[in-house]
Amino acid sequence: MAPRPLHLGWFTNFAVDEWTKPFTGGGGDPWDGGFYIDMAKAMERACFDYIMLEDTLMISEAYGGSNAVYLKHNIMGPKADPSPMAALIGANTTHLGVVATFSTMAYPPFMLARLCSTLDSICKGRFGWNIVTTGEDLAAENFGMDKLPPRQERYDMADEYVELVKQLWGSWEADAVVRDRATGTYADASKVRPIHFEGKYFKSRGPLNCVPSPQQRPAFVQAGGSPRGRQFAAMTADSIIAPSMGVAGLKAYRDDVRARAQAGGRDPDEIKVLFVVAPILGETEEEAKAKAARIIEAPDYCEKALAMIAAITDIDFSKFDLDAPLPHLTTNGEQGSLDAFQQAGSGKTLRQLCADQLSRGLDGLIGTPDQVAERMGEVMAEVGGDGFLITRPFTANISRQYITDICEGLVPALQRRGLARTSYTEGATLRQMLREF
Ligand SMILES: Cc1cc2nc3c(=O)[nH]c(=O)nc-3n(C[C@H](O)[C@H](O)[C@H](O)COP(=O)(O)O)c2cc1C
């Protein structure tokens, strides 16, 4: 039996491209968006489902109590706003899904609903919203709060928020725009209604003041990791994205969110779970291993790795001994990413945990395109589906060279095995694309 193809996404952000190595195109100055338009075009040639623009709303000071490491190594910042970038990508591609991250903490629901609707129209039905609740106190301070609400409450707010914005997207019936030249009527007023939403946290009158977009609502992407976050993701997302945590961990995660969806009355097949991986490729296995070694043996590798983990967990990892096991840690920030990193009970030293992050928690992804494609197929056969979310190797900046490795090396190797899409369905929306297989 032919294997089911995998869904492929790419997790990136509107941030600094590679600027320190011999092969650097943009040289760390991607702010006119051209670099990411080129990337999206390369991904479209490779028939990816979607590009996802991650976002956070602060310059971290979590590592060592200062922003110095973050600014020096451009870690988790500087970052530019994903929404104009998403519009540019949409306007410069034809088939690729375009997902941008907007936080329920940061955007008033009405603004978010309008923004997503406008982007979905610009992207002709290919837009997705990565729903995040924000996990950093410093970001909360940028929005007038002293600190983040606890996770439980953030997700309770997000439940209500999503309900509200769905109602706003439904405040115009799909056929409300009539453009009737005979009567000179643009929109039929009987099909556009206020929502009068009044919840515990949010209140909005409606209707939305923009027309229904091709998908009516964007595709929903979410990355819940904690039990509460998984529940939210299972009940909401069209595509769930998750850190890799060994094959058994991948399977357990996917089984869990699918069971939660089923219990909540959703068809679990409507949800595509994509696991984050960062393959490292070479013409030979030795070449790939040498590339990996160059990253991992760099003197500042652990500092950069720990600064990244610190930024999304608000835990100061500069305080721990690199050559001792880590105590078990919890956070009000990204618990799922922390758990994937800390591998509780493994007894590994902090230095080993950093090394394990290189290809993001799944082994066997350093080799030739054929070797890595084979491994990805085996892993998915064991896990049961649905696909992968490519990202750059830990601590590395994104480069044209890496994009070429993936789009011109790995994806064709997957395609040769029937493991990746080789064409798009004309006119498919992002949600339709996700449900094709
Ligand atoms: C692949 C991936 C991408 C994520 N992207 C973002 C992001 O762009 N912005 C953000 O604030 N959080 C992001 N997160 C964090 C999640 O939204 C979520 O908070 C995290 O996975 C922890 O789960 P929890 O909220 O259930 O603890 C991401 C997580 C993962 C695994």
Taking Gln357 for its side chain and Ala305 for its backbone only, find out whether a donor-acceptor pair lies under 3.5 Å. no

Enumerate the salt bridge (charged side-chain N to carboxylate O under 4.0 Å, His left out) contacts for residues 197-219, please, sequence neighbours excluded, ordered by first and then second residue. Arg217-Asp238

Check whether Asp120 reaches the backbone of Phe127 with its side chain - one donor and one acceptor, N or O, closer than 3.5 Å. yes

Keeping Ser171 on the side-chain end and Pro194 on the backbone end, is there a donor-acceptor pair under 3.5 Å? no

Salt-bridged, Asp386 to Arg254, with N to O below 4.0 Å? yes

Salt bridge check: are Arg258 and Asp269 linked by an N-O gap of less than 4.0 Å? yes

What is the ring orientation for His7 with Phe437, classed by angle as parallel under 30°, tilted 30 to 60°, or perpendicular over 60°? parallel

ring-ring contact (aromatic ring centres under 6.0 Å, His included) partners of residues 50-90, not counting sequence neighbours, each pair once: none

Please check if the side chain of Tyr402 supplies one atom and the backbone of Thr391 the other of a donor-acceptor pair under 3.5 Å. yes

Would you call Glu436-Arg421 a salt bridge at under 4.0 Å N-O? yes

Is there a donor-acceptor contact under 3.5 Å from the side chain of Thr185 to the main chain of Asp180? no

Checking side chain to side chain donor-acceptor pair (under 3.5 Å) for the pair Asp405/Gln401: CA distance, chi angles, key distance, verdict? CA-CA 6 Å; Asp405 285 358; Gln401 202 175 37; over 6 Å; no

Test: ring-ring contact (aromatic ring centres under 6.0 Å, His included). Region: residues 184-218. Which pairs qualify, not counting sequence neighbours? Tyr161-Phe202

Validation row, ring centre Phe341 to ring centre Phe317 under 6.0 Å: yes

Is there a side-chain contact between Gln335 and Leu338, using heavy atoms and a 4.5 Å cut-off? yes

Donor-acceptor pair, side chain of Arg266 and main chain of Ala234, under 3.5 angstrom: yes

Find out whether Asn13 and Met76 are in side-chain contact, i.e. whether some heavy atom of one side chain is under 4.5 Å from a heavy atom of the other. no

Return a table of donor-acceptor pairs under 3.5 angstrom between the side chains of residues 93-119 and protein atoms on other chains or two or more places apart.
| unit_1 | atom_1 | unit_2 | atom_2 | d |
| --- | --- | --- | --- | --- |
| Thr93 | OG1 | Ile89 | O | 2.6 |
| Thr93 | OG1 | Arg126 | NH1 | 3.0 |
| Thr101 | OG1 | Leu53 | O | 2.7 |
| Thr101 | OG1 | Asn130 | ND2 | 2.9 |
| Ser103 | OG | Met105 | N | 3.0 |
| Ser103 | OG | Thr134 | OG1 | 2.6 |
| Thr104 | OG1 | Val132 | O | 3.3 |
| Arg114 | NE | Asn209 | OD1 | 2.9 |
| Ser117 | OG | Val211 | O | 3.3 |
| Thr118 | OG1 | Arg114 | O | 2.7 |

Report, as yes or no, whether the 6.0 Å neighbourhood of atom CG on Asp267 holds more than 12 heavy atoms from other residues, nucleotides or ligands. yes

Using modelled atom types and a 3.5 Å cut-off, is there a donor and acceptor pairing between side-chain atoms of Gln231 and backbone atoms of Pro227? no

Using the ring-ring contact (aromatic ring centres under 6.0 Å, His included) criterion, which residues pair with Tyr36? Sequence neighbours excluded. Phe14

Looking at SG of Cys407 and CZ of Arg400, how far apart are the two atoms once the value is rounded to the nearest 0.5 Å? 12.5 Å

Got a salt bridge between Glu173 and Arg193, using NZ or NE/NH1/NH2 to carboxylate O under 4.0 Å? yes

Give a yes or no answer on whether the side chain of Gln222 reaches the backbone of Gly224 with a donor-acceptor pair at less than 3.5 Å. yes

Would you please name every residue forming a side chain to side chain contact (heavy atoms under 4.5 Å, CB included) with Lys319, sequence neighbours left out? Asp316

So, Arg360 side chain and Arg392 main chain: donor-acceptor pair closer than 3.5 Å or not? yes

Who pairs with Trp19 by ring-ring contact (aromatic ring centres under 6.0 Å, His included), at least two apart in sequence or on another chain? none

Applied to residues 150-171, the salt bridge (charged side-chain N to carboxylate O under 4.0 Å, His left out) test, sequence neighbours excluded, yields Asp156-Arg228, Asp159-Arg228

Expected output: side-chain Arg417 to main-chain Gly377 donor-acceptor under 3.5 Å: no

Residues which pass side chain to side chain donor-acceptor pair (under 3.5 Å) with Ser337, listed by chain and number, not counting sequence neighbours: Glu334

Do Tyr424 and Cys47 come close enough that some side-chain heavy atom pair is under 4.5 Å? yes

By ring-ring contact (aromatic ring centres under 6.0 Å, His included) - contacts of Tyr253 (at least two apart): none

Among residues two or more places apart or on two chains, list those pairs meeting salt bridge (charged side-chain N to carboxylate O under 4.0 Å, His left out) that have a residue in residues 56-85. Glu54-Lys79

Got a sec, which residues hit side chain to side chain contact (heavy atoms under 4.5 Å, CB included) with Ser423, two or more places apart in sequence or on another chain? none

